[in-house]
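Following: one structure in structure tokens, then a few remarks.
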Amino acid sequence: MPLPAPSIDARAVVTGASHGIGEALATELAARGYHLIVTARRESLLNDLAERLSTRYGVTVDVWPADLTDPTHRAKLADELATRNVSILCANAGVATLGPVAELDPAGERALVQLNVVAVHDLVLAVLPGMLARGAGGILISGSAAGNSPIPNNAAYSSSKAFLNTFSEALRWELRSTGVYVTLLAPGPVNSGLPDFVEESVVDKVIPDYMWVSTEYTAKASLDGLRRNKMRVVPGLPAKAMSLASTYLPRAVLAPIVGNVYKKLGGG
Ligand SMILES: NC(=O)c1ccc[n+]([C@@H]2O[C@H](COP(=O)([O-])OP(=O)(O)OC[C@H]3O[C@@H](n4cnc5c(N)ncnc54)[C@H](OP(=O)(O)O)[C@@H]3O)[C@@H](O)[C@H]2O)c1
């Protein structure tokens, strides 16, 4: 069974659609004819996106503002998705923090785990029964190459992405004969703009230009990968090489090296 074709009765859902990779995924899905549910906290950005995509591609875009670190918002969205015909779920929203765990704001660290791990898990569990009943569906999970190894000064983020990387690839095997596709997006650096706590001049010194890929390229590669039920999409050759190294080098060698890079980025 191929990935479901666009249908007016079905929706492709994108979390974190107000910016960056999520916005690019929503745009690429709309360009491929999919009707959408887009979600994030910033409702005005979602409304602008919905207006742009419906005008340009003639698709229906339902806007669902939600803070996915909030269990009540999460449950409301999960309940809604469980009743809808969700053909594709892009579980993409995520945040990062930088610095030693002991020095970071505990509330921020808890929120990271709620968003990066619990929300993805909740939404996958919400859409899975419907996809299985229909014998078709696609789940794209935004993990990260950062989830391939422990990263000091980025501990909660890299661990949250390790959960997603492993969960996605395990789920894919469980679902291999059900018609439900699961693909992990595990990128290296994607040019979606830097968070406030990272200085551009520092990033320029630490991450060479050739490592970056665009959000548009990432979205296209991800959805092409999902269409082929690829296990993992790592956009760009440099990121592929980095990903291989971080998967196969001994952790005792890798962790201090990568931890030092994250320290230079502002993590300590
Ligand atoms: N960019 C990279 O280099 C890179 C590399 C590897 C993996 N990734 C992963 O790819 C995904 C997207 O990254 P990105 O760079 O595109 O991020 P981004 O540009 O910072 O966008 C993050 C998205 O998540 C939403 N979001 C943040 N906090 C939220 C919350 N509490 N509730 C609901 N939505 C929330 C944001 O919208 P609102 O602020 O409006 O809520 C925004 O739409 C993330 O999971 C990230 O970890 C990114």
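When a residue number appears, it is its place in the shown sequence, counting from 1. Keep in mind that the numbers below use all heavy atoms, side chains included, and drop hydrogens, waters and symmetry copies. Quick caveat, the model's predicted, so the values are computed rather than measured. Whatever order the structure lists ligands and atoms in, that order sets their numbers, starting from 1.
Within the 4.0 Å heavy-atom shell around ligand 1 one finds Gly143. Residue contact annotation: Gly188 has a non-hydrogen atom under 4.0 Å from ligand 1. Ligand 1 lies out of reach of Leu45, whose nearest heavy atom is not under 4.0 Å from it. For the ligand labelled ligand 1, residue Ala66 lies inside the 4.0 Å heavy-atom shell.
Proximity annotation for atom 42 (C) of ligand 1: of Ala40, Ser18, Ala119, Ala145, Ser18 comes nearest, heavy atoms only. The heavy atom nearest to atom 15 (O) of ligand 1, out of those in Pro65, Ser142, Ser192, Ala146, is found in Ser192. Residue nearest to atom 11 (C) of ligand 1, selected from Asp67, Asn92, Ile21: Asn92 (by heavy-atom distance).
Residues satisfying the ring-ring contact (aromatic ring centres under 6.0 Å, His included) test with Phe167, not counting sequence neighbours, are His121, Phe163.
Using modelled atom types, one finds a donor on one side chain and an acceptor on the other under 3.5 Å when comparing Glu109 with Thr97.
Closest approach of Ser18 to Leu45, counting heavy atoms only: O-CD1, 3.8 Å. For the pair Ala26 and Leu53, the tightest heavy-atom approach, listed with the atom from each and the gap, is O-CD1, 3.7 Å. Heavy atoms only, all atoms of each residue included: Ala30 and Leu36 are closest at CB-CD1, 4.1 Å.
At a 3.5 angstrom cut-off on N or O pairs, Val190 counts as close to ligand 1. Where the criterion is an N or O separation shorter than 3.5 Å, residue side chain and backbone included, Leu68 meets it with respect to ligand 1.
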